[in-house]
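Taking it in order: structure first as structure tokens, then the write-up.
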Amino acid sequence: MWADLKPIGRNATSNGYRRYAWSGADKDCRTWFRAQAESRGLTYEVDRNGNQWAWQGDPQAGDAVVTGSHLDSVPDGGAFDGPLGVVSSFAALDELRRRGAEFTKPLAITNFGDEEGARFGLACVGSRLAAGQLTPEKAHELRDADGISLPQAMEAAGYDHSAIGPDPERLSRIGAFIELHVEQGRALDLTDHPVGIASAIWPHGRWRFDFHGEANHAGTTRLEDRRDPMLTYAETVIAARREAQLTGALATFGKVSVEPNGVNAIPSLVRGWLDSRAADQVTLDQVIAAIEQAAKAEAARAGIDLRITRESFTPVVEFEHALRDELARILSRDIPVLGTGAGHDAGILSASVPTAMLFVRNPTGISHSPAEYAAEDDCVAGVIALADVLEGLACT
Ligand code: GLV
Ligand code: MN
Ligand code: MN
């Protein structure tokens, strides 16, 4: 499976993956998913929001055990964030068949669409739509950098977008959702365990800062006559780091766009995207308020018109204790239980469905980077753990 996925959407220069939702690379990943489903005799379907499903047993029977993750990536992402969960799901099913496990419940493997939000700015679009946490109206407003709307992108990829929206009937047929994911920090590495269970996902969100200044000539405009939005943006980046440090939160400006983006012109507009996360809501509110205040003060001083828009927000997710405890019982009681600052479809679904996550050790902690890595032995340990969990939940 890894050999098939390896070349899809891989950039030859960076060695990172660029598998953006509804792009050609995403389509190739989806074709791969379908082929994996069909080669195992699973019933393949696409739901109204473009999420892919592969069923063993009757999809209508209810109380299904579902596992899976996503195949899309951030710009220059690593090989494991997302695909490890999908590959491990198919491998765990293979392992259960090898064991001769007798299933008493339907089992499904999923690939949720547009988890990273790299193209349209909002993460977990497929699961948010299904869970009713993103309205079809708002989804229709989503645009990529070229102005292509989400429905247009789905249509161009050959997917029906006419019925995107909440899917309570489908979610009501799920008894448990388990997402396996590569860990995106070093907590497991520090505990010396290959696999862990998630306790909670930190609250997190994305804010767009639009700094409007005045375009002018870089060679003739006196410094004191400039209204340069780049400077205010730069001050805001520094303030974000300072405030994050003071509050114990995380704050990152990882994406920026500049207009007109000319070497010899003072920009008219600098648009920066802030990603911020914290262990609790109060801290997150605090850091965002402090960054906004600092940005506004700088903007006022420099004659910059600043507009701040919250583009997405996900509150804290505490995974259901009963299911967490069940996983710990199946896998052995001393398995590490850890929180994460990374967002996941599991976090979205947890409001509608009993949900749990397994993490696989990441020895460097690096993620959202081509350097993301997990050792083969640990990936195999993840598959075995997932198979044990699925067997415990779905078999006699
Ligand atoms: C998804 O990986 C996120 O946490 O941004
Ligand atoms: Mn990710
Ligand atoms: Mn992920």
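We count ligands from 1, going down the list as the structure has it; atoms in each ligand are counted the same way.
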Could [X] and [Y] be called an ion pair, given the rule that one side-chain N must be under 4.0 Å from one carboxylate O?
| X | Y | result |
| --- | --- | --- |
| Arg48 | Glu169 | no |
| Arg271 | Asp210 | yes |
| Arg329 | Asp325 | no |
| Arg206 | Glu311 | no |

Q. Which residue and non-hydrogen atom of the protein lie closest to atom 3 (C) of ligand 1, and at what distance in Å?
A.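 Protein heavy atom at minimum distance: Arg277 NH2, 3.4 Å.
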Q.
Please list the nearest protein heavy atom to atom 1 (C) of ligand 1 with its residue and the distance rounded to 0.1 Å.
A.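 Checked against all protein heavy atoms, atom 1 (C) of ligand 1 sits closest to Glu116 OE1, 3.3 Å.
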Q | Proximity to ligand 1 by part of His204, non-hydrogen separation under 4.0 Å | A |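 It is neither; nothing of His204 touches ligand 1.
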Q: Specify side chain, backbone, both or neither for His181, according to which of its non-hydrogen atoms lie closer than 4.0 Å to ligand 1.
A: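 His181 to ligand 1: no contact under 4.0 Å from either part.
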Could you tell me whether a side-chain N or O of [X] sits under 3.5 Å from a main-chain N or O of [Y], the two making a donor and an acceptor?
| X | Y | value |
| --- | --- | --- |
| Ser39 | Gln36 | yes |
| Asp146 | Ile148 | no |
| Ser268 | Glu259 | yes |

Q.
Distance under 4.0 Å to a non-hydrogen atom of Gly343: what atoms of ligand 1 satisfy this?
A. 1 (C), 2 (O), 3 (C), 4 (O)
Q) For Arg206 and ligand 1, does the shortest N/O to N/O distance drop below 3.5 Å? A) no
Q: Answer yes or no: does an N/O atom from Ala342 fall short of 3.5 Å to an N/O atom of ligand 1?
A: no
Q. Which is the closest N/O/S atom of Asp81 when seen from the Mn ion (ligand 2)?
A. OD2
Q) Would you say His344 touches ligand 1, if touching means a heavy atom closer than 4.0 Å? A)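 In this structure, His344 fails to qualify as a contact of ligand 1 - no heavy atom is under 4.0 Å.
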Q: Look at His344 and state whether any of its N, O or S atoms is less than 2.8 Å from the Mn ion (ligand 3).
A: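 Checking His344: none of its N, O or S atoms is under 2.8 Å.
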Q: Take the Mn ion (ligand 2) as the vertex and measure to OE2 of Glu116 and NE2 of His368; round to 10°.
A: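 Here the angle at the metal atom is close to 110°, to 10°.
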